[in-house]
Amino acid sequence: MNRTKEVPGRIVCKNVTSGYRKKTILKDVSLTFLPGKTTVILGENGSGKTTLLKTMAGLLPYSGSITIDGAEIKDLSYKQRAARISLLSQMNSMYFSYTVRQTVLLARYRFHKGLFVQETEEDRKAAAQAMEKFDIYDIREERTSELSGGQLQRVYLAQLFAQDADCLFLDEPTNHLDMRYRVLLEREIRETGKTVIAVYHDLRDAVKVADELVLIKNGCILETGPQEQILRSKNLNVTFDMDVVL
Ligand code: ADP
């Protein structure tokens, strides 16, 4: 078998339990995310979607096993993890006010050794491309503290793409985006060719990008499979506690 041509980014969760301090949220979750595919995690508020993304990104302690292309997430160094996963969180707090350009460039630090680094031409190119992609190149010298919510979300999206990791984790990526940028983001997700795992609260947005859907309720996986299968499943109604009509 020729493995060199395989797309990277196969994530396998086996019997994963995780949560916060003494509060267990995810219970015995086993899931496989296919490389190069887009999987959307669906569930009500508080069902554990964000917790699942954070756990897979190595940000929360867990029991069980989470591997990415065979490597256990918690055994990876910060840089090794950054090469494999980039995460767009829902709540980004700004501690420092950088310019848009500096913020996007932060995503490139995984390519450098040491703490105080000078960006390379390649970093500048990757950042410029990502800024152009999300239409923020013209505001690159503005301070992030002075941007609108929608502009800031596009800065974070540019950062996510500039990092060029194997897998993109997106928590409610359309937050604050108006229609034009939602459509642009949908296209980027469909065309990226990377493994994408996204959390959406609106099923109508989810179906535009998802190859696979995962239904989660109270920290447990109800069902997972190709979009067409899940949209026909009775578990969709169970997930949302209502008759779902698309
Ligand atoms: P979802 O993304 O599906 O809305 P979350 O994963 O954010 O759900 O939350 C699942 C549960 O975990 C909720 O009961 C929530 O209150 C709890 N939770 C989320 N974040 C924290 C935290 N930092 N500390 C303690 N509990 C948390």
Side-chain angles (χ1 to χ4, degrees), residues 11-33 37-66 68 73-74 78 81 85-95 149-150 152-153 156-157 159-160 165 167-177 182 185-186 189 195-225 227 230-231 233-244 246:
I11 300 180
V12 181
C13 302
K14 275 192 198 147
N15 309 108
V16 173
T17 295
S18 85
Y20 308 89
R21 290 179 185 265
K22 289 189 180 129
K23 200 163 151 196
T24 300
I25 304 295
L26 297 183
K27 295 150 201 139
D28 205 27
V29 166
S30 293
L31 276 173
T32 296
F33 295 92
K37 298 280 181 196
T38 296
T39 304
V40 175
I41 301 165
L42 291 170
E44 287 181 319
N45 284 339
S47 57
K49 304 183 294 297
T50 297
T51 305
L52 177 58
L53 267 196
K54 281 193 194 160
T55 305
M56 291 194 299
L59 301 179
L60 292 174
Y62 61 87
S63 65
S65 156
I66 305 173
I68 175 159
I73 295 282
K74 60 183 157 197
Y78 175 79
R81 215 183 290 155
I85 295 167
S86 62
L87 169 71
L88 177 88
S89 303
Q90 219 186 118
M91 269 169 278
N92 282 296
S93 34
M94 278 273 160
Y95 298 107
L152 199 54
Q153 184 73 351
Y156 290 132
L157 283 164
Q159 201 181 39
L160 178 102
C167 304
L168 308 180
F169 288 4
L170 306 162
D171 197 352
E172 304 281 3
T174 55
N175 270 356
H176 307 293
L177 296 184
R182 278 170 187 250
L185 176 63
E186 280 159 24
I189 291 176
T195 305
V196 178
I197 305 177
V199 167
Y200 278 84
H201 66 257
D202 192 329
L203 182 59
R204 287 164 301 187
D205 285 338
V207 296
K208 291 180 192 154
V209 294
D211 298 306
E212 305 275 312
L213 291 172
V214 170
L215 302 179
I216 183 169
K217 194 172 180 86
N218 298 327
C220 299
I221 305 302
L222 283 183
E223 192 174 343
T224 170
Q227 179 181 153
I230 301 296
L231 292 183
S233 167
K234 287 198 172 62
N235 277 327
L236 200 57
N237 297 343
V238 179
T239 304
F240 292 104
D241 264 335
M242 60 177 281
D243 287 332
V244 176
L246 266 172

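Side chains are part of it too, since the values below use all heavy atoms of this structure and drop only hydrogens, waters and symmetry mates. Both counts, for ligands and for their atoms, begin at 1 and track the order of listing. Small disclaimer: the values here were computed from a predicted structure and weren't measured.
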Worksheet item: Quick one: which ligand 1 atoms are inside 4.0 Å of a heavy atom on Thr51?
Response: 5 (P), 6 (O), 9 (O), 10 (C)
Worksheet item: Does ligand 1 have an atom that lies less than 4.0 angstrom from a heavy atom of Glu44?
Response: yes
Worksheet entry | Leu52, Ile25, Asp171: member with heavy atom nearest to atom 12 (O) of ligand 1 | Ile25
Worksheet item: Any N/O of Ser47 closer than 3.5 Å to an N/O of ligand 1?
Response: yes
Worksheet item: Below 4.0 angstrom, N of the basic side chain to O of the carboxylate: do Lys217 and Asp241 qualify?
Response: yes
Worksheet item: Side chains of Ser89 and Tyr156: is there a donor and an acceptor less than 3.5 Å apart?
Response: no
Discussion item. Any heavy atom of Gly43 closer to ligand 1 than 4.0 angstrom?
Written reply: no
Worksheet item: In the protein, which heavy atom is nearest to atom 15 (C) of ligand 1, and how far is it?
Response: Lys23 NZ, 4.3 Å
Response to the item:
Near Asn45 (heavy-atom distance under 4.0 Å), the atoms of ligand 1 are 4 (O)
Worksheet, complete the sentence: Of Lys22, Arg21, Lys27, the one forming a side-chain contact (heavy atoms from CB on, under 4.5 Å) with Thr24 is Lys27
Fill in: Donor on one side chain, acceptor on other, Thr17 and Asp28, under 3.5 Å
no
Worksheet item: Looking only at heavy atoms, what is the nearest atom pair of Pro173 and Leu185, with distance?
Response: CB-CD2, 3.6 Å
